[in-house]
Structures are given as C-alpha cells and as structure tokens.
Amino acid sequence: MTDKLPNKRKYSSKVVDGIEQAPSRAMLHAVGFETEDFQKVQVGIASTWSMVTPCNMHINTLADAACMGVDESGGKSVLFNTITVSDGISMGTPGMRYSLVSREIIADSIEAVVGAQGFDGFVALGGCDKNMPACAMAMARMNRPSVFVYGGTIQMGAERRDIVSVFEAVGGRAAGSISDNELKVVEQTAIPGPGSCGGMYTANSMASAIEALGLSLPGSSAQEAISQQKRNDSYNAGEAVVNLIEKDIKPLDILTREAFENAITVVIALEGSTNAVLHLLAIAHAAHVDLSIDDFTRIGKNVPVLADMRPAGEYSMSELIEVGGIQPLMKMLLEKGLLHGNCMTVTGKTLAENLASVRHYPADQKVIRPFDNPVKPDSHLVILYGNLAPGGAVAKITGHEGLLFTGTARVYHGEEAAMQAIMDRKIGKGDIVVVRYEGPKGGPGMREMLSPTSAINGQGLSQDVALITDGRFSGGSHGFVIGHVTPEAFDGGPIALLEDGDKITVDAEKREINVDVSAEQLAQRKAKWTAPEPYTDRGALAKYAKLVSSASTGAVTDG
C-alpha cells in the first residue's frame, strides 16, 4: 500500500524528498519512519489529550485509533499534542481568563505544527469547549484535507446529575436549601468519568455545529466518550482523511456560507450555547466566509427550538444519543427545507447523501419535539441592539424566562464582586446584575458567568433576576442572561456608564436592550469616564488584549 497516493504528497514531499532532505529523513527515522514511509502521504494527528480535564483525559486512546485508521489506509500518521484548559475547573476564578485565549493558542499551535512539518492532511481531536472551535479554525486556515473528531459526551452522574448540578448546588447552599453534606454528595457524584459536559452545553453544541458544517463524520457529535462507537469514529476519521487527500477535498470546499447556515440552524434547533455564536463567527473568519451576528437573527426567525435539552430543558446528551443522536434531527430539518443538502462533507458526499439512509426518531421519544409542538417557535439565540449595546449583544431566551424583563441595575466591576453580592443574598427580585469589564479586552478573555447564573438559579431567582455582561456565558447557563455586550466596558461602551438604580429593559420580541437614561446623560457620564488599567501588561493575556477583535466579530486575533 506504500504507493497508493504517490502524487498526493503536496507538502510532505518538500520535507522528505531529494538528497538535500537527508537530514529531515534522518530525524524522522528516529521517530519510527521506515524507508517506505517517505513515499506515503503524511497525516498529522492533532490530539488535545491531557489529564487537565475529564473532557480530554481519554483522547489519547482515540488519537491512537485515528493513527491506525490512517496507517491501515496507506498513509503515515504522525501524532502530536496541543494544550487544553478546563472551563469547568477554572470557572469563577482568575484562571478563566485563559479559556477563550486558549482557543487562539490551540489554533495557532495546530497551524504551526501542520505547516512546519509539511503534513498533507490531518485529523484533529477535541473534547473541551475551546479546543473544538480551535481545531476547526486551524482546519480552515491550513486548508489541507482534514477531519475533526469529537471526544464524546460524558455519561450522567448519580440521579442524572452533571456539572451544572454542582454549580447550582452552590447557590442552593448559599440559600440554605441544602446542607454542606448534601453539597458534598452532589460534588462527588456529578462527574462519573471521561467526556464533555453532558447537556447541550458548549462542547455538545459545538460538536453538533461542526458536524453540521461537514467537518466531522456523520454521528461524531452524538457518541459517548467511552464507547465503541467513538473509537470507531476515530479510526474512520483516519481512513476518511486519506480519502480526502486522494480526492483533494479541502476544508474550504466544505466551509461555504451555506454550510455555516446549516450549522446555525442545527444549533438553534438543539437550543445550543450562546458560545456557538462567538465560535462560528471565528471559524467563518478563518474560512474567509462573510458571516455576521445578524445572520443568526435572519435564520433564527424561521427555525424552531426542537430539543428539550439541558440546561433549560429536561434531557442530557446521553439521552439524545439513545434515541438516535442529531442525524435524525438533521434529516427532519432537511425535509422541512431548513438545511442546504448540497453542501460537501468530509465523507466526500453531500449532506443530503449522508442523510439519505438515516431513520427518523422513534415515535415515542420525547427529547426532540415535532415541528407542530416546538419548545420555542423561533430561535432562542436573540441578537439585541439598543442604547446599551449599539454593537450588539447575545441573549439566550429559551421561552422559560418570558420575553420581556425590566429591572433595576446592580452594577459590579468584575465577576468576583457580583458573585460575592449574590452569595451574600444582596440580589433580589427585579434586579438586573450587571457584570462589566469582562469583555475580550477588559477581562481579558470574556470569562463565562456560569458561577453567578448558577448561584442565582440555585437561590430560586431564575425567573426574577436578569444578568447582563460584556463577558459571556457557559452553555450551562440559563435564565434571563445577556452577554457579548458591545462595545465592551473597557472600550468605553455604554455598559461602562451604567449606575446602580438605572432602569434597564430587555425586549426579546423587539430584540432590544435599552437603559432608561437619555443620550445627554450618557454623554455626561462618558465625559467623566476613564478606562481602568489593563489586567496585565505582559504575557499571553496582554498580547491577546492588544490583538483581539470585538465579540460581535468572533473575538479573533488574526485580523
């Protein structure tokens, strides 16, 4: 099989062919290359394995399966690692500033290795929230035949618990509704083993979006981390990338505007994370596709929320897997005319061809609702504009919270101050918690507000308190939450000018967010405003803050 793809070594031949490349071959002999391997296409296997988080602790075994798939298909696999950080572990701490920053570091590192080593294609495996869009961004940037593999979802903990159960139990303990011992039990039983957080949180949302984009094999997004299906998926990805190299099908052949519209549609139907907005914009930027936050509004008017999934709904990803995963949902959407079936995918076939043999959901399942009985008739991802967010903001309005909220601003500089007020029971019905200076530049890194929103929910205030921030939210957040407010406070946006007691109205039907303060008053406040000192002037965070774009354009750092 050594000459299966003799003329497809577009990049590796420059590294290993000819007398002058003898030093390169010498180095590669030392890492396991045989003489015949130099005539094979080289396929990088970008693994995000680490023991930092349960989301990624098993990915080494999946990477090994991907290597096997490449090698047994006539290619030569070369395994390498990149980093990951854990949102769930760093949440609510200064370390969370590195979460979104890590997306850029991971994308950069995959680009650097693939480019430096001259791989003809690659497989990228991701599990936790930021390494997944990072893999897709690197695929788009390099535009070499490549496949993404999702590490898979975690199984449910005892009594159907998951990580959000723990965050909300913290709020319950602050409210006195559970004891220290009860909190300890939840803590010790919520995370049973490997895999990404088990609701339609950011990891499962992005896995579904990436599958809808066509960058992963059918079914990859809806498999448990510890399953034979996931190991098979990884092996098959190795086979698939060799096929893509043979057919010269590259990510930019797949990542069309229509593919992004498919991804947005699937995320909406699944009631996915607000982070999907940020990440799809960033992937589109890498793919040179003109996508904006307004596209989410345009598409969302016609796409219902069909999945009764956590955090706002009832079911976990494992329960969606039991009834068939997202493939039957995509078939439903295609048959309704809501997906573009002609989009190319990493199978070498179109989306419609991939879905042709997919069976519909069982009649008695309750996870995915029919079109005539949706969770919400239009999108839960609501893009808001107004005098508080002239550059846009992203709300997660599932319908459970209502569509209109007017309240009194309680303003906090940073997450820690807001969290302390919530834990001290200083937030009550009718309050709107404003957490500012948490934007891409001001945070820096747009920390996720899962701790504050979960504490509010754990205190039983999810229907009565809203939270607004220039930061962002975990996919596990639910309630009346509005993030990605732009311009951010660090840039002197209107959110920086709010004062305690200001009246704020969020109208999801009109898609507006306004503060009841005149333009003249805001101008007077702006004249007195001064920007705070940057969080740091050295290192990765400082570099990120200087380079990063607005949340409304994906918070990217490469232009």
Side-chain angles (χ1 to χ4, degrees), residues 100 202 264 267-268 272-282 291-301 378-398 401-407 409-412 415 418 432-443 445-450 452-453 465-475 477-498 502-517 522 548-556:
L100 189 57
T202 300
I264 293 170
V267 167
I268 291 170
S273 168
T274 54
N275 280 317
V277 178
L278 196 72
H279 297 324
L280 286 172
L281 290 171
L291 194 73
S292 78
I293 55 174
D294 296 327
D295 288 311
F296 288 81
T297 298
R298 175 179 58 83
I299 294 168
K301 291 177 180 178
D378 56 6
S379 180
H380 65 299
L381 298 175
V382 181
I383 308 302
L384 306 170
Y385 290 96
N387 70 348
L388 186 49
V394 180
K396 187 176 186 179
I397 308 295
T398 65
E401 314 84 359
L403 299 173
L404 181 71
F405 196 103
T406 298
R410 300 291 301 276
V411 183
Y412 299 96
E415 179 185 4
I432 295 184
V433 179
V434 178
V435 188
R436 63 191 182 193
Y437 297 104
E438 291 287 4
K441 296 178 184 177
M446 291 187 79
R447 287 194 291 179
E448 293 179 349
M449 300 296 132
L450 180 58
T453 59
V465 171
L467 193 147
I468 297 172
T469 182
D470 53 3
R472 58 195 174 91
F473 295 104
S474 162
S477 290
H478 61 104
F480 219 105
V481 297
I482 300 93
H484 307 204
V485 172
T486 56
E488 63 174 287
F490 192 80
D491 284 336
I495 191 172
L497 312 178
L498 293 177
D502 286 343
K503 294 297 181 184
I504 298 171
T505 297
V506 181
D507 190 327
E509 289 190 307
K510 293 182 179 179
R511 299 185 178 88
E512 293 182 355
I513 180 168
N514 290 297
V515 56
D516 188 16
V517 176
L522 288 175
V548 70
S549 72
S550 160
S552 288
T553 57
V556 296

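Worth knowing before you read on, the calculation uses all heavy atoms, side chains too, and leaves out hydrogens, waters and symmetry mates.
Note that CZ of F405 and CG of L467 are 10.5 Å apart. Values are rounded to the nearest 0.5 Å. Remark: I468 CD1 to L388 CG distance equals 5.5 Å, nearest 0.5 Å.
Smallest separation of non-hydrogen atoms from I482 and A393: CG2-CB, 3.8 Å. Taking both residues in full, the closest heavy atoms of S474 and T202 are given as C-OG1, 4.2 Å, listed atom of the first, atom of the second, then distance. Between A508 and V382, the closest heavy-atom pair is O-CG1, 3.8 Å. Looking at every heavy atom in both residues, G391 comes nearest to I293 through O-CD1, 3.9 Å. Across all non-hydrogen atoms, the minimal contact from A282 to G554 is CB-O, 3.9 Å. Scanning both residues, L384 and A395, for their nearest heavy atoms gives CD1-CB, 3.8 Å.
You'll find the side chain of P487 stays beyond 4.5 Å of the side chain of S550, heavy atoms only. Taking 4.5 Å as the limit, every side-chain heavy atom of T505 sits out of range of all side-chain heavy atoms of D516. N275 is listed as a side-chain neighbour of E448, based on a closest heavy-atom distance under 4.5 Å. The side-chain heavy atoms of E509 and L404, taken from C-beta on, include no pair separated by under 4.5 Å. A 4.5 Å side-chain heavy-atom check between V481 and M449 finds every atom pair outside the cut-off. Residues L498 and I504 are in side-chain contact: their nearest non-hydrogen atoms beyond the backbone lie under 4.5 Å apart. Using a 4.5 Å heavy-atom cutoff, the side chains of V394 and F296 are not in contact. In this structure, L278 and L100 have side chains that are in contact, with non-hydrogen atoms separated by less than 4.5 Å.
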_I397 and F480: CA distance, side-chain angles, deciding distance, side chain to side chain contact (heavy atoms under 4.5 Å, CB included) verdict_ = CA-CA 7 Å; I397 308 295; F480 219 105; 3.8 Å; yes
*Check the pair T274, L381 against side chain to side chain contact (heavy atoms under 4.5 Å, CB included), reporting the backbone distance first and the verdict last.*
CA-CA 7 Å; T274 54; L381 298 175; 3.9 Å; yes
*Test side chain to side chain contact (heavy atoms under 4.5 Å, CB included) on L497 and V515 and set out the steps.*
CA-CA 10 Å; L497 312 178; V515 56; over 6 Å; no
*When you look at R298 and I383, which way does the side chain to side chain contact (heavy atoms under 4.5 Å, CB included) test go after all the steps?*
CA-CA 10 Å; R298 175 179 58 83; I383 308 302; over 6 Å; no
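The main-chain N or O of E488 is never found under 3.5 Å from a side-chain atom of D491 such that the two would form a donor-acceptor pair. Using modelled atom types, one side-chain atom of H380 and one backbone atom of G272 make a donor-acceptor pair closer than 3.5 Å. Of the possible polar contacts, one joining the E438 side chain to the E415 backbone as a donor-acceptor pair under 3.5 Å is found. At distances below 3.5 Å, at least one donor-acceptor pair connects side-chain atoms of K396 with backbone N or O atoms of S477. With hydrogens and angles ignored, the 3.5 Å screen pairs no side-chain donor or acceptor of T486 with any backbone N or O of S552.
For A489, the side-chain contact (heavy atoms from CB on, under 4.5 Å) criterion is met by R436, Y437, D470, I495, A496, not counting sequence neighbours.
For the pairing with K510, the side chain to side chain contact (heavy atoms under 4.5 Å, CB included) check across D507, I513, N514 returns one residue only, D507.
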